[in-house]
Amino acid sequence: MLDQKESDDSIAGSKVGPAYLCLHGHFYQPPREDPFTGQLPLEPGATPFANFNEKITSECYRSNAEAGNFEAISYDLGPTLAVWLEDAYPEVYQRIIDADRKHIARYGVGNAMAQPYTHTILPLARTRDKRTQILWGLCDFRHRYGRDATGSWLPETAVDIESLDLLAQNGIRYTVLAPWQAATSIDPSEPYLVSLPGGRSITVFFFNEPLSGGVSFDWNMTSNADLFAANYLPENLDHSKREAGEAQLILIATDGELYGHHRPWRDKFLTHLIQIGAPAYDFEICTLERYMRMYPPTREVQLLTPSAWSCRHGLARWDTGCECTEGDSSWKGKLNLALRHLAERGDQLFERYVSETLDDPWSARDAYLPMHNGWETPESFWVQHGKQQRPPIDPLAQQRTLLLLEAQYYLQSMFTSCGFFFEDLDRIEPRNNIAFARRAISLTWQALGIDLQPDFVRELCDVKSGVKSLTGDQVYKQLPVLRPDQLPPLPLSLTRNGDQKENIA
Ligand SMILES: [Zn+2]
């Protein structure tokens, strides 16, 4: 069904421009595991499954993989989800990874895209954190797909020029944005070039807004793939391009989970649309790099920066809160502040102490992911990043460095965007960001005997849920109890403070 058609269909003797349809799925779940045990909590909302990872795998990842949908669409598989899926359902995982190889075998280019590693809103991050997020994402991609990534999804399509430039500097040639992220007028049926510093550039595909929104939120629109192809695809074509014989692309970019999880049977809708519905109406199914190779961008666009796909309030949704979530979301700004202060202190300690053992602390952090994930041995890491000195670095100093590198991993994880996406503090996502922060605090204490906990918890007292009388420090104190060798208990002053708050509650 996916065989390449003649690209110059002829109707009544005149050339008709070819129409391509690309479906991009952003497959990603917030990390749910307890950072001390690696275990996922029981989630009653996912019954009869133990947790949402299990439920979504059954409803979406497995069904789409077994139907061969990944081979036809463009997709990104979030790295932290990939780690879980590879371990829990290796056969589902392998089908998703193999889809990219099959696409390369068929078309000469892949259809999988990378993603910054822990789904951080890049424009809100500091430059060196943007770089780490991107490099870890690209390293993860290389490990899984056996090739360098050429495209990268941006978490929440949150964009600024620095993030795009860091992507371009690291070999990324294209990404996807929402049409309202363009500052100059665009025709979303073709890709655009964005000029970057130093003569670099990156290609941006803008998704079709009514169709991406409809597939995401309108159940009626996706109840029948034949009707969708008949009623919605042709009306979204640019007819002047069609008549002029020019090619055009309709890109439908959404969360991948809506194909089967957010709505049952939408995985079947996708299969039918790809195999029968779209081709019946003269749409050729295509992927982004393949389209870019056939029809490279010819026009430039200026972007609205910073911006994201979720709403029109810049990045406020993940920063200080915006009106798109119900109620008072001012807890987001306070939580961000507490996390940023913790990151600053953690970074200062990291830089000071690992400078004794590593040539360049920040390049070593950029290269740390393979060791964290067990893809590289510590011996190999030390050969590449350790200071060559006589006598050799002593084992205690090595151990301290490894603990501080691992603390950096969690100082990155605690900015996972999901923690700030929803309306309230009392959810698993912000709780997990606070749990990741505690893991970083614990590792720093184990490395140096320096306890960052009191200052952090004091700041968490100002993080107040807009719905319940719950504060950030209470969330912190509700985390599973740790052993004394993992972290000393909180000072009594903070414990009492918390008790008083709980009594008032
Ligand atoms: Zn908003």
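Just so you know, ligand 1 is whichever comes first in the structure, and atom 1 is the first atom listed for that ligand. From a predicted model like this one, the values you see are computed outputs, not experimental measurements.
Of all protein atoms, those of element N, O or S that lie under 2.8 Å from the Zn ion (ligand 1) number 4.
Geometrically, R32 does not engage F52 in a cation-pi contact defined by less than 6.0 Å to the ring centre and at most 45° from the axis.
A donor-acceptor distance shorter than 3.5 angstrom exists from the side chain of T47 to the backbone of P44, with no hydrogens or angles considered. Under the 3.5 Å distance criterion, the side-chain polar atoms of D100 are matched with a main-chain donor or acceptor of A112.
Taking the six-membered ring for Trp and the full ring otherwise, H24 and W153 have centroids separated by under 6.0 Å.
Using cut-offs of 30° and 60° on the angle between ring planes, the pair W309 and F207 is perpendicular.
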For a quick test of your reading: what N or O donor-acceptor pairs under 3.5 Å do the side chains of residues 167-176 make, sequence neighbours left out?
residue: Q169; atom: NE2; partner: D165; partner atom: OD2; Å: 3.0
residue: N170; atom: ND2; partner: L166; partner atom: O; Å: 2.8
residue: T175; atom: OG1; partner: S152; partner atom: O; Å: 2.6

